Amino acid sequence: MYAGIGELIAQRSGVMNLSIEGTMLIGGVTGFAVADITGSVWLALIAAAIAGTLMSAILAFLAVGLRVSQILTGLGLLIFGTGLSSFFGLVGENPIARRPPTTSIEPFFTGGIADIPLLGPILFSHDFVVYGGWVITFAAYVLLYRTDWGLRIRAVGTDPASAEASGVSVSWVRSLSVLAGGGLAGTGGAYLSVGLVKAWQDGLTAGAGWLAFAIVIAVRWRPLLLLAAAFIFGASIRLGFTLQVVGADVSPELLSMIPYALAIVAVLYAAASSSRNVTEPKALGFPFFREER
Amino acid sequence: MILPSNLAVEKKVAPSLWFSASLPILSVLASLVLAAVPLLLVGESPLEVYRVMAKASAGSVAALTDTLTEATPILLTGLAAVIAFRAKVWNIGAEGQLLVGAIAAAGVGLVLPEGTSPLIAIIGMMLSGVVAGAVFASLAAVPLATWNANEIVMTLMLNFIALSFVNYLIWGSSSLWRDDGFAAFPRGKLIPEVFRLPELTGRLNAGFVIAVLAAVVFAWFMRFTTWGYEYSVVGDSRTTARYAGIGERRIVISTFLLSGAAAGLAGAVLISGTVGGLEPRSLAVGIGFSGILAAGLGRMSPLGLIPAAAFVSALASTGPDLQRIGVAPPITIALQGLILVVVAAGQFFLEYRVVIISKDVPELQGKEGAPSTTPS
Amino acid sequence: MTAEPATLAAEMTGISKSFFGEFVLHSVDLDVRPGEVHAILGENGAGKSVLCSILAGLYRADSGAIEIAGERVELHSPHDGLAAGVGMVYQEFRLVDDLTVTENVVLGDPRNPGRINWTEARGRVAAAAEQHGIDTDPRAYVGDLTVGEQQRIEILKLLYREVDLLILDEPTAVLTPAEVRVLFETIEGLRRAGHGIVLISHKIKELRAIADRVTVMRLGHRVGTFDMDTVTDDELSELMVGKEVVTSEVPSRPSAGASPAFEVEDLTVLGDYGGVAVDSFAMTVHPGEIVGIAAIAGNGQHELAEALAGLRRAASGTIRLRISGELETLTDITTATVRERVEMGIAHIPEDRRHAGIAPGLGVPENLALKSYWHAPLSKRSIIARGAMQKLERALRDDYDIRGGSRKLPASVLSGGNIQKLILARELSRAPDLVIASYPTRGLDLGAVANVREILYRQLDDGSAIVLFSEDLDELFLMSHRLLVLFDGKVMAEFRHGDYNREVIGALMAGRSAEEQG
């Protein structure tokens, strides 16, 4: 979800960040290493955010500053991030890839409230990072639709020439959006390594970044819908585990396809319906196509 | 652009041909310098690492043939990327198309009776790989042409689906492709030895020839057929293609299918060549992305791709030797990414130049962080 | 020159600018006083818009100095321009269609609070609109507004940003006469309030009504600056076009009684958003005849040209062409594809020559082959003959005097005039029966304009029929045997060469009949 919101902001400003998976991995390894050394979850998340921002600074400089291909740069950074995270994971006598976690993220609510049947597990059983994600989604909504910056981001994403003529610096808005997106993706990666998996392993994100990328396009850049979609996709991943636990006779390999297949259906649906329905709110246009210069 | 205020960026009239040709080499050198940073951070000597890498990939005849062997599938997925990207069709699903091609080729290899003529069997496997890759690509090509559905997302998601499916065939079911001999730790069943591509020298097999041929044929196709001409126009300007009455949709779809076919062929060459069976751990190792890297390094030229693929393969195949001197192999992956980034960045210097604006008054005023994008 | 007031609203000295190595401005000076309307007059391609874009900060000059309100400034972006109090309404509006009026007006304003209260913002925008007498709905999406309304929003936006100097680039080109009157009232009000106004135009008559001074430009040079009272229309006109030898010879007429080469009946074409763009259009063109289409931008001529070329489907009606060799019969080509029409002998000189007319990244030979590559000698059985392509290039370069570029370089390096000659060479060397020419001389320098007209006249002698779209009434008057006036997709009237009357046709283009005009 962090990664999704990050990507959404970047794309709304008209930049496609394909390196998101690599950024998450860098965030993941940084976060885990920092948690390992300092024992502080907070420091881990902050360090991961900084690492993610640094990664996307390269993208911002190249794709926005030098205007070179966002696709090639993004893919290059993706490969770079994958390799570098794996490299750092294996460094030293006792590489962190083989270490147990020294710290983890505790549920935010303890006792009472989390024990309420049904509602408890759904709403109150999570750690603060999850609640942070909800908050950030709403914050992104407010940012985009209720602030000066959001207005600039939306304008730059749909019509950079007009935005520039209005005195908005297209490069500046895009760069900052990409940086923010990278920071969020880094945080998302750290949450995976420190919070969920509680270990560092190669390719830990297993396509989560790509899924985030797909969801952003499938929900057609609407932050609140992204929240809903993130739940659905989370549930579809869970569905696999649940079915196995129940003992259904379906192979886990097939079940692991569900989120990706779902993403394809969602993207197809969004694409097919958008070409039929031109009365849709135009503010949610295609930042992605306009960016081509 | 955030530049000092007396500098401005200007579009070049035409790129310098000399610079265009030397860009890949400059990029590689720049990347090697940049990659020294993480190496120094963990206390390794970059020079030593690069020396080992050079030796491992090209230090002996055996090393060299190994490098070319590994270059074969990269050359084909690179061709897939070149074909698609030149037409501005963003197929990044070579990984998945390769896997599906491998499934089909392995299927054919396993089904045919062992007495079949090896030539026919090999041709059958190659063809099935090509067709399967193209069909799998059509799952993204048709929605792109019909609804303008984002092909990047589609091909990416299809990559994951293809991988899950291969895993399912080997681990999750008792399919034709699975070797039940290792029940606890299942593997892909090997095709009969006679159906393997003949080896030329060392491990290098005829697949390399097929791959080089494919690149050369495509280069010829592009330059000397009407399809190739239409393809160049579509890649250059879709508006012009429409104006000239070139069926844009037809070109986009055929490009996408051809791209998928090249990736599918890569899968078939692996099955019939070095891998021998549907083995996820040997097939799904990022060859699709290495292909994109090779395409970028070869500056999207089908012929430039050939040395570029060899170079990428050289980088990728040095892992074990690095391990021996105690350096974590993934640094080569990071290096690959870095090279792609730097090559992409190099495009800037091909298309633009930085000029110094002459001024009547030397002192600078109005320092704004605000950049000036100058549409031209 | 009259005595200068204490502070000029803006002063530009020695401004030069080149694009792609071609000079578009040669050391141009300009000064604007507060409370005056300063017109910049010149032909297309004279450098008017570029000069003003530099003053607004959109482009950077290669050399020269700018002072605004007495202060020397460095403008790196429109942001700097606005901060210095200069704003420009570009010819192609710079409004974000997908945002509302309010969002567009406040976009980029440094005074915006971090968090915007939209109710309050709407209030402020409405108040500003009220104050300047501009009628608007702050909630409407800009994309839904008419062109005239959008222009008012552009002006409102600049006033909201409190600029002292407004630049309007060809503001009347897209307006109906009634809207022009409203615009001029607004400008008058701004002048009285002490704003400096720069008005770009190529229409002398219009400037009479509103301008105080005028700077005439020609081919990137400043010819001179005059008080409007001291200079006559004829003098201005001569200054603007220079000592041009006007090729006034009327092209040869079609022989009497010749049967039509091209017929359109009851043609209806839809626009991009499904509305009717061309409504029951009809015309007939004879061999050796030029029929001109006169219309203000956005009245269906774009869609009409596309429909004739086969790029846009006809919703109803018929299009018929006499294919050479077949003497008296017309072939129905209403549903023919672009490629089929090319084969039948239709040539098309497109509006956007750089992005539709050529494939900018391919070489000159490839571009010349664009409409014939599928035939021998350029290809046989789908195999391209490179040698034949190069032979074609050598022949056409000579015939049509295409200069610049080389076999290895992309066609985009050619100048505008040479790109147009390349397109003409490709289209006309196929001996077409019908030529659809959209804005064939737009933005070209005078030499190239004469050249292009010459080539088109030559084509008439060979018996082609020509449909000419142009935004330049003088060109239409000069070149067309007959002229159709198009308004809102409908034909308002037809005129013959010799009967052309600027006032009457101008009124019709604006949707009013001659009687109404009074």
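To find a chain, count down the sequence lines: A is the first, B the second, and so on, and within it residues start at 1. Because the structure is predicted, anything quoted here is derived from the model rather than measured.
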Heavy-atom distance under 4.5 Å between the side chains of [X] and [Y], does that happen here?
X: B:L335; Y: A:F80; result: no
X: A:L72; Y: B:I292; result: yes
X: A:F87; Y: B:T332; result: no

Atom group of A:L62 that falls short of 4.5 Å from chain B, counting heavy atoms = side chain
ask   = Taking it one step at a time, do A:F213 and B:I152 satisfy side-chain contact (heavy atoms from CB on, under 4.5 Å)?
value = CA-CA 10 Å; A:F213 181 83; B:I152 296 180; 4.0 Å; yes
inquiry  = Can you confirm whether B:F85 is buried at CZ, in the sense that more than 12 heavy atoms of other residues, nucleotides or ligands lie under 6.0 Å from that atom?
reply    = yes
task = Hey, could you give me the CE/CZ distance between A:M257 and B:F165, rounded to the nearest 0.5 Å?
result = 6.0 Å
request  = Could you tell me the separation between the CH2 atom of A:W210 and the CG atom of B:N159, rounded to the nearest 0.5 Å?
outcome  = 9.0 Å
remark   = In terms of heavy-atom pairs under 4.5 Å with chain A, the winner among B:V342, B:L163, B:L340 is B:L340
ask   = At a heavy-atom separation under 4.5 Å, does B:I92 approach chain A through its side chain, its backbone, both, or neither?
value = side chain
note = Bottom line for B:I161: the part with an atom under 4.5 Å from chain A's heavy atoms is both
Of A:L211, A:V265, A:L262, the residue whose pairing with B:M157 passes side-chain contact (heavy atoms from CB on, under 4.5 Å) = A:L211
Quick one: closest heavy-atom pair of [X] and [Y], and the distance?
X: B:A334; Y: A:L84; result: CB-N, 3.6 Å
X: A:G76; Y: B:V341; result: C-CG2, 3.5 Å
X: A:I79; Y: B:Q336; result: CG2-CB, 4.2 Å

note = Looking only at A:L78, A:V267, A:V168, A:L75, the option with the highest number of non-hydrogen pairs under 4.5 Å against chain B is A:L75
